[in-house]
Amino acid sequence: MKTLLNVIWLVLAGFWLAVGYAIAGIICCVLIVTIPFGIAAFRIAGYALWPFGRTIVDKRSAGAGALIGNLIWILVAGWWLALGHLTTGIALCLTIVGIPLGVANFKLIPVSLVPLGKDIVPTGSFI
């Protein structure tokens, strides 16, 4: 079932989300200061491409740098991304077929809002 949902997601939304996050990652990697944001954008791109069967967990090694970076990210881009995922998720949940895709959009909200200090792992993995 995860594979079927991932294929539907990939065709309808995942590819374009992943491309958008990858372009943002490339732009962020142009400047040395924003490379951590670029790496986070690439990580989100992979998650946006194939979200079913994976989940987000907090990194235990994340510290003050991740906190400061996340605050900057929220102010610059995070809340816009989270709002976009929220509205798209609500729109998808209006149809019965789109409910699992809407839930996948809701799963992207935490990592798009605060991407630093997060890991994306297969569901059921314990790190």
Side-chain angles (χ1 to χ4, degrees):
M1 189 63 157
K2 291 185 296 189
T3 305
L4 177 64
L5 287 171
N6 277 322
V7 169
I8 293 169
W9 171 263
L10 181 68
V11 170
L12 296 179
F15 177 75
W16 297 111
L17 278 172
V19 167
Y21 279 112
I23 290 170
I26 291 168
I27 292 169
C28 286
C29 285
V30 170
L31 297 173
I32 294 173
V33 176
T34 57
I35 287 176
F37 299 122
I39 293 170
F42 290 133
R43 188 172 51 246
I44 298 170
Y47 186 51
L49 197 60
W50 208 254
F52 294 98
R54 299 195 299 173
T55 190
I56 304 162
V57 295
D58 292 327
K59 282 185 185 177
R60 295 182 184 172
S61 62
L67 176 67
I68 293 168
N70 279 330
L71 289 175
I72 294 168
W73 178 268
I74 288 170
L75 293 173
V76 174
W79 71 280
W80 284 104
L81 293 169
L83 186 63
H85 285 298
L86 179 67
T87 55
T88 306
I90 290 170
L92 285 168
C93 285
L94 293 177
T95 65
I96 292 176
V97 176
I99 290 174
L101 303 177
V103 170
N105 253 313
F106 297 145
K107 279 176 49 176
L108 282 162
I109 290 174
V111 75
S112 69
L113 192 60
V114 284
L116 302 175
K118 305 282 185 195
D119 266 336
I120 299 166
V121 297
T123 305
S125 294
F126 299 99
I127 293 180

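The structure presented is a predicted model; accordingly, all values stated were derived computationally and were not measured.
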Residues that Tyr21 engages under side chain to side chain donor-acceptor pair (under 3.5 Å), provided they are two or more places apart: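 His85.
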Show the nearest heavy-atom pair for residues [X] and [Y], with the distance to one decimal.
| X | Y | answer |
| --- | --- | --- |
| Ala45 | Ala22 | CB-N, 4.0 Å |
| Trp9 | Ala104 | CZ3-CB, 3.8 Å |
| Cys93 | Gly102 | SG-CA, 3.9 Å |
| Ala48 | Ala18 | CB-N, 4.3 Å |
| Pro36 | Val33 | CD-O, 3.6 Å |

Give a yes or no answer on whether the side chain of [X] reaches the backbone of [Y] with a donor-acceptor pair at less than 3.5 Å.
| X | Y | answer |
| --- | --- | --- |
| Thr123 | Arg54 | yes |
| Asn70 | Leu116 | yes |
| Arg43 | Pro115 | yes |

Linked hydrophobic residues, Ile39 as query - side chain contacts closer than 4.5 Å: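 For the cluster that includes Ile39, the remaining residues are Ile35.
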Is there a path from [X] to [Y] through hydrophobic residues (I, L, V, M, F, W, Y) whose side chains come within less than 4.5 Å of each other?
| X | Y | result |
| --- | --- | --- |
| Leu17 | Ile120 | yes |
| Val19 | Leu10 | yes |
| Ile72 | Ile44 | yes |
| Val111 | Val76 | yes |

Under 4.5 Å between any side-chain heavy atoms of [X] and [Y], yes or no?
| X | Y | result |
| --- | --- | --- |
| Ile99 | Leu92 | no |
| Thr34 | Cys29 | no |
| Leu101 | Leu12 | yes |
| Val57 | Lys118 | no |
| Leu75 | Leu71 | no |

More than 12 heavy atoms from other groups under 6.0 Å of NZ on Lys2: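 Atom NZ in Lys2 is not packed in, count stays at 12 or less.
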By ring-ring contact (aromatic ring centres under 6.0 Å, His included) - contacts of Phe37 (at least two apart):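 Per chain and number, Phe37 pairs via ring-ring contact (aromatic ring centres under 6.0 Å, His included) with Trp73.
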Approximate separation, where rounding is to 0.5 Å, of Leu108 CG and Leu86 CG: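 Going from the CG atom of Leu108 to the CG atom of Leu86 covers 12.0 Å.
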Listed once per pair and sorted, the ring-ring contact (aromatic ring centres under 6.0 Å, His included) pairs that draw on residues 45-66, sequence neighbours left out: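 Applying ring-ring contact (aromatic ring centres under 6.0 Å, His included) to every pair that reaches into residues 45-66, excluding sequence neighbours, yields nothing.
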Contacts of Ile74 that satisfy side chain to side chain contact (heavy atoms under 4.5 Å, CB included) - sequence neighbours left out: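 In terms of side chain to side chain contact (heavy atoms under 4.5 Å, CB included), with neighbours along the sequence ignored, Ile74 is linked to Leu113, Val114.
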Residues forming a salt bridge (charged side-chain N to carboxylate O under 4.0 Å, His left out) with Lys107, sequence neighbours excluded: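 Once residues adjacent in sequence are excluded, Lys107 has no partner under the salt bridge (charged side-chain N to carboxylate O under 4.0 Å, His left out) criterion.
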